[in-house]
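Note that the numbering runs from 1 along the sequence shown for the chain. Reckoned from all heavy atoms, side chains included, excluding hydrogens, waters and symmetry mates.
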Amino acid sequence: MHFADAKGILSPSGGMNIYRGCTHGCIYCDSRSECYGFRHDFEDVEVKRNAPELLYDALRRCMIRTGAMCDPYQPCECELGLMRRCLEIILRHGFDVAVQTKSDLILRDLDLLCAINERTRCVVQMTLTTYDENLCRMIEPDVCTIRRRYETLKIFAEHGIPTVVWMSPVLPFINDTEENLRGLLEYCFDAGVSGILTFGFGVTLRSGDRDYFYAALDRLFPGLKKRYIAAYGNSYICPSPNSYKLNSILSHECEAHGVLYDTDAVFGFINNFPFPSDGQITLF
């Protein structure tokens, strides 16, 4: 990793990224795409060492959202603790926060997140992609497995903090099965999640991200790259051929369990008011 002094920390919509780059190793990560303008190796994480000070200066009455671009709880956070310092500022000044992560390291800050939720509002979001633990270790090699994330969601529910699951991406020909979906839904319902985001079941690929993903396919699933090229070419949006069936199962099961699944409705819940999907691209 390396350190830099950033000029700003909050996007116009309240998004916050403390780190630029990630070491979780997920094979499908859109943040690798060239359009984001990384001038350093993605795994050489740029640390915005002045993030807490910038946040203190920039705070205004809004919900602070972090994790959509690069995970705030990747391994270097154990040593640096910048996310914890930012949460302390958010708590001190009475702001809402929505945190998105794949890591159980977020439990380190359970005390702060509970305090924020008691005073204003906190929503924890976790990504669940595959019910198969072995497959999880292949496609998301350097972060805790899905079962541990499910256990983490349960802990937050026990403490009264609302949770949302990002069931995305679903990789065509890899984890786009009914068995996988039903396994993940079982985790979600048992953990008491309030909403599930899928963006239509599929994956997005563009220059930079696509090259890394295809190299991973060659390494992990020999021959599958040819199937992707035949099915999607250079398309950005790559929907699963099973998406209609999976969407049907999702809607039926979520309605039966009282869980939000419409994208706008879930983002509205996160932000505590009707809110558009913040530019996220659905697959339909």
Side-chain angles (χ1 to χ4, degrees), residues 9-11 13-20 22-24 26 29 31 45 47-48 51-52 54-56 58-59 61-78 80-129 140 143-144 146 148-168 188 191-197 260 266-272 275 277-278 280:
I9 195 64
L10 289 186
S11 71
S13 60
M16 179 177 71
N17 283 292
I18 299 168
Y19 302 111
R20 187 164 167 78
C22 186
T23 58
H24 283 165
C26 304
C29 183
S31 296
V45 177
V47 177
K48 299 177 184 178
L54 289 173
L55 179 62
Y56 181 86
L59 279 177
R61 190 66 196 178
C62 66
M63 169 168 273
I64 309 302
R65 299 192 306 280
T66 184
M69 178 72 175
C70 296
D71 201 306
Y73 286 105
Q74 50 189 294
C76 61
E77 171 63 17
C78 291
L80 299 174
L82 293 182
M83 183 61 182
R84 185 167 179 86
R85 288 173 58 194
C86 286
L87 289 175
E88 289 170 346
I89 293 170
I90 290 169
L91 173 61
R92 187 181 313 134
H93 292 274
F95 292 92
D96 300 341
V97 69
V99 182
Q100 181 182 344
T101 185
K102 291 185 176 79
S103 175
D104 60 348
L105 178 58
I106 191 174
L107 291 173
R108 180 203 63 187
D109 296 335
L110 180 62
D111 59 333
L112 289 175
L113 295 168
C114 285
I116 292 170
N117 196 50
E118 290 173 4
R119 183 173 179 181
T120 53
R121 178 174 170 81
C122 171
V123 180
V124 169
Q125 306 164 77
M126 297 207 83
T127 302
L128 305 184
T129 52
E140 300 165 341
V143 68
C144 65
I146 298 296
R148 179 55 180 160
R149 291 178 228 174
Y150 149 69
E151 293 168 349
T152 300
L153 287 166
K154 290 190 70 171
I155 292 171
F156 280 109
E158 290 166 359
H159 286 80
I161 293 179
T163 57
V164 165
V165 160
W166 289 58
M167 204 176 289
S168 173
C188 290
V193 306
S194 298
I196 298 173
L197 291 163
L260 297 171
V266 176
F267 277 108
F269 171 82
I270 293 170
N271 292 278
N272 210 23
F275 191 80
S277 59
D278 198 28
Q280 296 284 349

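- Between L260 and S194 the shortest side-chain heavy-atom distance does not fall below 4.5 Å.
- For the pair A191 and Y150, the tightest heavy-atom approach, listed with the atom from each and the gap, is CB-CD1, 4.1 Å.
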Please lay out, stage by stage, how M16 and V97 fare under the test side chain to side chain contact (heavy atoms under 4.5 Å, CB included). CA-CA 10 Å; M16 179 177 71; V97 69; over 6 Å; no
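- Across R108 and C78, no two heavy atoms sit closer than the pair NH1-CA, 4.3 Å.
- At least one side-chain heavy atom of L113 sits less than 4.5 Å from a side-chain heavy atom of I106.
- In this structure, the separation between CZ on R149 and OG1 on T129 is 5.5 Å, given to the nearest 0.5 Å.
- L91 CG to I116 CD1: the interatomic distance, rounded to the nearest 0.5 Å, is 5.5 Å.
- For the pair D96 (side chain) and T120 (backbone), a donor-acceptor distance under 3.5 Å is absent.
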Which atom pairs, donor and acceptor, lie under 3.5 Å between side-chain atoms of residues 153-165 and protein residues at least two apart or in another chain?
residue: K154; atom: NZ; partner: D190; partner atom: OD2; Å: 3.2
residue: H159; atom: ND1; partner: I155; partner atom: O; Å: 2.9

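- Here OG1 of T66 is found 5.5 Å from CG of N17. Values are rounded to the nearest 0.5 Å.
- Using a 4.5 Å heavy-atom cutoff, the side chains of D111 and R84 are in contact.
- Here E140 contributes atom CD and I146 contributes atom CD1; the two are 5.0 Å apart, rounded to the nearest 0.5 Å.
- Smallest separation of non-hydrogen atoms from P75 and T23: CD-OG1, 3.3 Å.
- Contact check for E77 versus Y19: side-chain heavy atoms found under the 4.5 Å cut-off.
- Rounding to the nearest 0.5 Å gives a distance of 9.0 Å between CD1 of I18 and NZ of K48.
- Atom SG of C122 is separated from atom CG of D109 by 10.0 Å, given to the nearest 0.5 angstrom.
- At a threshold of 4.5 Å between non-hydrogen side-chain atoms, the residues W166 and L128 do not count as touching.
- Between L197 and S168 there is no side-chain heavy-atom pair separated by less than 4.5 Å.
- In this structure, H24 and Q74 approach most closely via the heavy-atom pair NE2-CA, 3.4 Å.
- Nearest heavy atoms, M126 versus S103: CE-O, 3.7 Å.
- By the side chain to side chain donor-acceptor pair (under 3.5 Å) test, D104 is found to be paired with R148, residues two or more places apart in sequence or in another chain being considered.
- Two residues are said to be in side-chain contact when any heavy atoms from C-beta on lie closer than 4.5 Å; V143 and Y73 fail this criterion.
- Contact between D71 and C22 at its shortest, heavy atoms only, is CB-SG, 4.4 Å.
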